[in-house]
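In the text below, chain A, chain B and the rest are named by the order of the sequence lines, each starting its count at 1.
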There are 2 protein chains.
Amino acid sequence: MPPPQSRRKATQVDIARRAGVSQATVSLVISGGAVSDQIAESTRQAVLAAAAELGYSVNVAARSLKGGRNRLLGLYTFEPVFPTDQRDFYYPFLLAVEEETARQGYDLLLFSSVNASADRSIYASGANRLKLADGCVLLGRNVRREELAALMREDFPFVFIGRREVDEGELSYVAVDYVTATSAMVAELSRLGHERILYLRAMEDTEPTRDREEGYRRGLDEAGIPFDESLVQGLADPAGLSVERLQHWIGSLGVTAVLIEPTEDDRLVQALAVMDDTARVRFPDDCSVALLGDPPSWTSDLRDWTRFSLPRTQMAREAVRMLIDLLGEVSPAPRQLSIPCSFVPGDSIGPVPSGGAQPDQASRPDQASRRRREP
Amino acid sequence: MPPPQSRRKATQVDIARRAGVSQATVSLVISGGAVSDQIAESTRQAVLAAAAELGYSVNVAARSLKGGRNRLLGLYTFEPVFPTDQRDFYYPFLLAVEEETARQGYDLLLFSSVNASADRSIYASGANRLKLADGCVLLGRNVRREELAALMREDFPFVFIGRREVDEGELSYVAVDYVTATSAMVAELSRLGHERILYLRAMEDTEPTRDREEGYRRGLDEAGIPFDESLVQGLADPAGLSVERLQHWIGSLGVTAVLIEPTEDDRLVQALAVMDDTARVRFPDDCSVALLGDPPSWTSDLRDWTRFSLPRTQMAREAVRMLIDLLGEVSPAPRQLSIPCSFVPGDSIGPVPSGGAQPDQASRPDQASRRRREP
DNA sequence: AACCAGATCTAATACGTATTAGAGGAGGAC
DNA sequence: GTCCTCCTCTAATACGTATTAGATCTGGTT
């Protein structure tokens, strides 16, 4: 057995010495795929043998230093990704980003200033930590616009998962086509005879919400249903969706169908499920319900809501691919990609309930009596 | 608007030029924590300002090539972490590693050659990719010993989550004390009167399994129960745990309690649950059952098995802390830390069934008749 | 005036690799 | 013999940083 070598790892210089060639030759043999066929076979064998004997392995740092790239992609989330209550929502993105990154031969750098909420900033400590990576995939609902703008100013390559707008100009994103999906949902309801369709939107004015609202209006328009401002309701808190409120809408507004924008946690959908289970409001018997997105916590015993479903895996993959594409260009222009949602028929929409089609007072006592029906 | 800068990232040389100092000074200001107080405050400010203006961030590869530190910790898993069927098992580790890493002011580098199973090697393509990180946390059941050995040979700092042994010598790990936990479980069963306790172990000869077996023997020993080789059964495939097999053990071996090593997916525990639900074998009425670890997929409607529970969060945190400690030392000695499991009483063990205590033939026809009881 | 002692900064170098221009030799054509 | 081509290899350099020995300056002491 040879005496334990010095702790130092073998380098190409060591191999070169042992094989009686130059370091450059070693480099050509080891990693020069295309150029290495101009090396004589005997030399090649000698080098490979020496490399094997010395247990050589390439020094990644040196290689990427030379190349200017680290082969690292960053994943930055504007919201904590790991907490349990949002885990089902973000997990598919994570999974797919990680997979595709690996498939492309990159490693994934996970940025997370999890705890100190104030620290959750790209520009913590003055230095831009993101820049450790060659480029970055961004994720999260509550974006800090200034940070995005700063990234753009510095020409740092990044791709957002989800459509985002910034005053500074265009940025690259892979989004989901909420507009088309929502308007298709309205069309579907219209086909079933619904005309009083309530849109229950999130309070914050983010792009996903804006897009849904646009889809809602477009859908009404194409179905020839007039837009009624009172049928767009904001919901600040999932707890705000009470049986009473829903019954009020059904009763006094004549609503027969509700489009709901699901939140990232599962309370909203849970609330709906409870109403249905306890038969205080039944879907679709009393009212049709469709979700404008996936219910976040999907377990097999959950109700099969009518909804459209985000192709999260595909979105994440496309984002990674787009990012790597951008990295390859000298002066890349921002790109936008929009992916269609898939429609899930489910069982929570149906024809207009017989007594509830007319938006007049007649239906109100009916609903009021039903309210007492609980045990 | 300034003309679009060249795509090149700013370097310390750029900063130096702009601030009118040397590159060395920049390096001292940027990363020389201890030595940087010999720099005049005015110079320091000028450098920092220039760095901010240029959007500088350090080049990891260069720093690591030079031998410096990156404040990056790697997380390497020997098995795919993200696949859904193992997600509940590994998720807590991931979560805690990520949290603690962030808390310590490090970033997390996720290594994963997810798909190509053959590629799932630290030494893929000859390059030791891990080395971009200052140190690494390793995770996973089916370790490649050669790779561990290679890491040790190269003095790369790492900490394994879980006890691991390698011929080459000691390595650092944070483990869970399966021996004590298992022997305590045996003691508990013995206290309830059980003497014929079956140990259903995994087929592979990994450390966790070995430790459980040792705990099993020690527990028997301390309870004064003789060891019976036929009461240790290997289970290659979760599907191998059939009702018939279990009834055979109860009937002809006189088994009254079973210790089960849960697999990383949830099929084994599912199988048990089904037996119990369909009343073909009821726990603990027909036989006591205790799990030597957590059932992997824990949902609220799952049965509350008697078991012990791994402190996964704590393990992961300790691993990160240990790793950072190791990084601080010049020539660190391997460290081992063992953390106790917590006992979860559950409801799947009970006293010895009245008719099944004697391991003689009398019980066999009784069991055989029960076997027909299904609808 | 000569010397010294900080204080502050810089020049030079090493790290391991990839790349490129070109060196050196062999062989053939004229 | 001269020129040319092809083949194989090497010298030299750049990549961006950390580190260290020493340079330069400032102000004070003898």
Distance, rounded to the nearest Å, where [X] contributes [atom1] and [N] contributes [atom2]:
X: A/Asp134; N: D/dG16; atom1: CG; atom2: P; value: 13 Å
X: B/Ile15; N: D/dG16; atom1: CD1; atom2: C1'; value: 11 Å
X: B/Lys66; N: C/dA14; atom1: NZ; atom2: C1'; value: 5 Å
X: B/Leu65; N: D/dA18; atom1: CG; atom2: P; value: 11 Å

Note to self: Is there a side-chain contact between B/Arg63 and the phosphate of D/dG16, meaning an N or O under 4.0 Å from OP1 or OP2?
What the structure shows: no
Check: Which nucleotide in the list C/dC15, D/dT17, C/dT17 gets nearest to the side chain of B/Gln12?
Finding: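 Output: D/dT17.
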With sequence neighbours excluded, tell me which residues meet side-chain hydrogen bond (donor to acceptor under 3.5 Å, both in side chains) with [X].
X: B/Gln104; result: B/Glu100
X: B/Thr313; result: none
X: B/Ser172; result: none

Next item on the list: Only counting residues at least two apart or in another chain, list the ones meeting salt bridge (charged side-chain N to carboxylate O under 4.0 Å, His left out) with B/Arg145.
Entry: B/Glu207
Notebook entry, point to check: Quick one: salt bridge (charged side-chain N to carboxylate O under 4.0 Å, His left out) partners of B/Arg63, sequence neighbours excluded?
Noted result: none
Notebook entry, point to check: Got a sec, which residues hit side chain to side chain contact (heavy atoms under 4.5 Å, CB included) with A/Ala46, two or more places apart in sequence or on another chain?
Noted result: none
Note to self: Can you list everything that forms a side chain to side chain contact (heavy atoms under 4.5 Å, CB included) with B/Val166? Sequence neighbours excluded, please.
What the structure shows: B/Leu148, B/Ala149, B/Met152, B/Glu168, B/Leu171
Check: Do you know which of A/Gln336, A/Met315, A/Arg335 makes side chain to side chain contact (heavy atoms under 4.5 Å, CB included) with A/Val174?
Finding: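 Of the listed residues A/Gln336, A/Met315, A/Arg335, the side chain to side chain contact (heavy atoms under 4.5 Å, CB included) partner of A/Val174 is A/Met315.
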Next item on the list: Would you give a per-nucleotide map of nucleotides 4-10 of chain D, 5' to 3', where B means the base has a protein non-hydrogen atom under 4.0 Å away, S means only the sugar-phosphate does, and - means neither?
Entry: ----SBB
Check: Using the C1' atoms of the five pairs at each end, what is the angle between the end axes of the helix from C/dA1-D/dT30 to C/dC30-D/dG1, to 10°?
Finding: 80°
